[in-house]
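To start, the structure itself, in structure tokens.
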Amino acid sequence: MSDFYLFNTLTRTKEKFEPLEPPRVRMYCCGPTVYDYAHIGNYRTFVFSDLLRRSLLLHGFKVLEVMNITDVDDRTIDGAAKKGLELSAYTGPYIEAFFEDLRQLRIRQAEHYPRATEHIAEIIALVRRLEERGIAYRSGDSVYYRIGGFKNYGRLSRLDSSGIQAGARVEADNYDKENVRDFVLWKGGRDESVAWDSPWGRGRPGWHVECSAMSMKYLGETFDLHCGGVDLTFPHHENEIAQSEGATGKPLARFWVHAEHLLVDGQKMSKSLGNFYTFRDLKQQGHSASAIRYLLLGTHYRSQLNFTTEALHAAASAVGRLRDFHERLKICSPPPGAREEPALWCAQAFREALEDDLSISQALSALFDFVREVNRLIDLRTLSAESRARALEELRLCDSVLDVLEPDREEDEEFVRGVEALIEERNQARRSRDFGRADNIRAELDTRGVVLEDSPQGTRWKRKG
RNA sequence: GGCGGCGUACCCAAGUGGCUAAGGGAGAGGUCUGCAAAACCUUUAUUCGGCGGUUCGAUUCCGCCCGCCGCCUCCA
């Protein structure tokens, strides 16, 4: 079997990836904070983790994936307070919306989606463990992590203390801490409605600690890989390492993999610039989920991805090309006696590209070379039945990662009957050489968003765009 | 101030110390078609931000400059 390589943020090099207990890969991905609808920048990261997951599967690994749902933090608490809702009543709809977006974007489900609010006991246990080791200390009503007690602090992000201090924004409550760089594990004494009992009084968990507690619960003290957006490298992942390794004395994850940011029209997405989009916004503008998926998938994960309307249209066209090819391959009738084409493969090159640090451009290049070649053979009518079957299998393998071939929506029966009735009427007109009538029907269907394709095998139709 | 990334055709985007600088989109011409669509063929970078250097040879390595972007305590 070939090897699988990934760029490891810990070493800043591309390394051979091997799980601790092959073939099972245990991975943890930082998920959403459910204070609002997730935006396309978030989905860039989640599509990346989906690509990683599917590439691991294509390679032959088994995957156990955990993605956390952060349902308690300042933003969710503020949001709930503003609307006068209980925290869970506020976050619930956003959690549902998140899963619906994942479904439409065809991001495969992780095995577990633990929520912070459902793991308070585990979080408290972890903080106690850190206390016992002398790494956590109490100050006021809160508990903090003592950076000085963990010698590897800064190893992942490669930020030294001077760098951190030079650019530091000063936190409002830093006077509670022994050192500005210390971070909070348990926030107490805020007299908020959102609080749990703990050995330190009522309070709530700090941001980073949930991931340490939950990854440990579902994946063990050491697992294979941890991924998320680049901005999480510091402080979130650095702090996760400090918490987990501080408590266990064992490495947290062997590989850290980070997805670069998405830009919109060349700039960081922000509400003030007016270039802030949720997945729902884009759907509303008429863009298909598969085009969005393809666009998010198509740029290497360690490069910034510039999201533009033009690129979205290009992605839609590329998906259309693959789908047209798939349909054409399914219906083409191989002539008897055609020779098997030995050169007809692409899945291996596709897979090998992905095994090389998810080189998606190379993978797509191999796929499209294949599409052109097979189309050519179909045109020449030299594609054998065996080659056709193999080509379909090759395409299926590639699509097990891309997942863009299936149509985005279920057609409702009434619409389909209407379209098919008009197609039949048009074909009668064509048989009687009434081309004016035939063209009128084509135009009518066009206004309904339907494009026709006449072929020796009959008339096919598809949705425009 | 510290750390890091990027700049390849009209757009997106791979890649390599020298063999025709992938692939997708868009445009142009052609084949096919009643018309279309799809598909195929041809075509669009003697050139890889600029200037130097190393080298027989650099887009690829080194230096400087210009431009863009990110991180440096709660942002994917």
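Keep in mind that this is a model prediction, so the values were computed, not measured. By convention in this document, chain letters (A, B, ...) are assigned in the order of the sequence lines, proteins followed by strands, and residues within each chain are numbered from 1.
- Look at NE2 on H300(A): it is 13 Å from P on A13(B), rounded to the nearest Å.
- A318(A) comes within 4.0 angstrom of the backbone, heavy atoms only, and of no base.
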Start with the C-alpha gap between W186(A) and S198(A), add the side-chain angles, then the distance that decides, and say whether side-chain hydrogen bond (donor to acceptor under 3.5 Å, both in side chains) holds. CA-CA 9 Å; W186(A) 185 262; S198(A) 80; 3.3 Å; yes
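- Remark: C1' of A37(B) and CD1 of I441(A) are 17 Å apart, rounded to the nearest angstrom.
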Hey, mind stepping through E240(A) and S212(A) against side-chain hydrogen bond (donor to acceptor under 3.5 Å, both in side chains) and telling me if it holds? CA-CA 6 Å; E240(A) 263 185 79; S212(A) 286; 4.9 Å; no
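- For the C1' atoms, the distance linking U59(B) with A45(B) amounts to 11 Å, nearest Å.
- Base pairing of C6(B): its partner is G67(B), meeting the Watson-Crick or G-U wobble criterion (both donor-acceptor distances under 3.5 Å).
- Pairing partner, G34(B): none, since no Watson-Crick or wobble contact has both distances short of 3.5 Å.
- A donor atom on one side chain and an acceptor atom on the other are not found under 3.5 Å apart for T76(A) and D78(A).
- Contacts of L262(A) with the nucleic acid, taken as non-hydrogen atoms under 4.0 Å apart, include base atoms.
- Remark: the separation of the C1' atoms in U16(B) and U73(B) is 42 Å, to the nearest Å.
- When distances run from any side-chain atom of K268(A) to the nucleotides A13(B), A39(B), G70(B), the shortest one goes to G70(B).
- Atoms CD (Q243(A)) and P (U73(B)) sit 17 Å apart, rounded to a whole Å.
- Of the candidates C35(B), A76(B), A39(B), A39(B) carries the atom nearest the D379(A) side chain, counting heavy atoms from C-beta on.
- Regarding R460(A), its CZ atom lies at a distance of 16 Å from the C1' atom of U33(B), rounded to whole Å.
- Using modelled atom types, one finds no donor on one side chain facing an acceptor on the other under 3.5 Å when comparing H39(A) with T278(A).
- The partner of U20(B) is absent, by the rule that a Watson-Crick or G-U pair needs both atom distances under 3.5 Å.
- A centroid separation of 6.0 Å or more is found between the aromatic rings of H237(A) and H208(A).
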So T70(A) and E210(A), side-chain hydrogen bond (donor to acceptor under 3.5 Å, both in side chains) or not? Walk me through it. CA-CA 8 Å; T70(A) 298; E210(A) 66 179 65; 2.6 Å; yes
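- With P as the reference atom, U42(B) and G70(B) are 42 Å apart, rounded to whole Å.
- Taking atom CD of E373(A) as the reference point, atom P of G23(B) lies 13 Å away to the nearest angstrom.
- At a cut-off of 3.5 Å, with distance as the only test, a side-chain donor of S2(A) or E355(A) sits close to an acceptor on the other residue.
- Rounded to whole angstrom, the span from the CG atom of D357(A) across to the C1' atom of G15(B) amounts to 15 Å.
- Taking 3.5 Å as the limit, the base of A76(B) and the side chain of T45(A) contain a donor-acceptor pair of atoms between them.
- Listed nucleotides: U73(B), G23(B), A76(B). Nearest to the side chain of D231(A): A76(B).
- When rounded to the nearest whole Å, the span between CD of Q428(A) and P of G34(B) equals 19 Å.
- Using Watson-Crick or G-U wobble geometry with both donor-acceptor distances under 3.5 Å, A13(B) finds no partner in any strand shown.
- Ring pair F307(A)/Y277(A) is tilted by interplanar angle, where 30° to 60° counts as tilted.
- Atom C1' of U46(B) sits at a distance of 13 Å from the matching atom of A9(B), rounded to the whole Å.
- Few gaps surround CD on E118(A); more than 12 heavy atoms of other groups in view lie less than 6.0 Å from it.
- N306(A) contributes no side-chain N or O that forms a donor-acceptor pair with the base of C12(B) under 3.5 Å.
- With RNA chain B read from its 5' end, the first of the two nearest nucleotides for A366(A) and S157(A) is the one closest to S157(A).
- A39(B) and G18(B) have their P atoms separated by 35 Å, with the value rounded to a whole Å.
- Between C72(B), A76(B), G34(B), one nucleotide has an atom nearer to the side chain of L232(A) than all others, and that is A76(B).
- R442(A) contributes a side-chain N or O that forms a donor-acceptor pair with the base of C35(B) under 3.5 Å.
- Candidate nucleotides C41(B), G23(B), C74(B) were compared by shortest atom distance to the side chain of D369(A), and G23(B) ranks first.
- The separation of G49(B) from G5(B), taken at their C1' atoms, amounts to 16 Å, rounded to a whole angstrom.
- Below the 3.5 angstrom threshold, one finds no donor paired with an acceptor across the side chain of S361(A) and the base of A14(B).
- Atom pair L156(A):CG and C72(B):P shows a separation of 13 Å (rounding to whole Å applied).
- Using a 4.0 Å heavy-atom cutoff across all strands shown, T299(A) reaches sugar-phosphate atoms only and no base atom.
- Taking a pair to require two hydrogen-bonding distances under 3.5 Å in either a Watson-Crick or a G-U wobble arrangement, A26(B) pairs with U44(B).
- Closest approach to the R321(A) side chain among C74(B), G25(B), U73(B) is made by G25(B) (side chain taken as heavy atoms from C-beta onward).
- Remark: G1(B) base-pairs with C72(B); criterion is Watson-Crick or G-U wobble with both hydrogen-bond distances under 3.5 Å.
- Under the stacking definition used here (centres under 5.5 Å, planes under 30°), the residue F368(A) fails to qualify as stacked on the base of G23(B).
- Rounded to a whole angstrom, the distance from the P atom of C69(B) to that of U31(B) is 48 Å.
- Rounded to the nearest Å, the gap between the C1' atom of C12(B) and that of C35(B) is 33 Å.
- Using cut-offs of 30° and 60° on the angle between ring planes, the pair H226(A) and Y28(A) is tilted.
- OP1 or OP2 of G23(B) lies within a sub-4.0 Å distance of a side-chain N or O belonging to R372(A).
- Checking C61(B) for Watson-Crick or G-U wobble geometry (two distances, each under 3.5 Å) identifies G53(B) as its partner.
- Contact annotation: R431(A) side-chain N/O to G34(B) OP1/OP2 distance is not under 4.0 Å.
- The side chain of R75(A) has C75(B) as its nearest neighbour among C74(B), C75(B), G23(B).
- Nucleic acid contact class of N375(A) (heavy atoms, under 4.0 Å, all strands): sugar-phosphate only.
- Mapping R44(A) and A311(A) onto RNA chain B by nearest heavy atom places A311(A) at the nucleotide closer to the 5' end.
- In this model, the phosphate group of A26(B) is approached by a side-chain N or O of S317(A) to a distance below 4.0 Å at OP1 or OP2.
- With 3.5 Å as the limit, one finds no donor-acceptor pair spanning the side chains of Y35(A) and D71(A).
- Using a 4.0 Å heavy-atom distance criterion, D73(A) is classed as making no nucleic acid contact.
- R431(A) CZ: more than 12 foreign heavy atoms inside a 6.0 Å radius.
- With G70(B), G34(B), A38(B) as the choices, the nucleotide that has an atom nearest any side-chain atom of H261(A) turns out to be G70(B).
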Could you list the protein-to-nucleotides 4-6 of chain B atom pairs, N/O on both sides, closer than 3.5 Å?
none

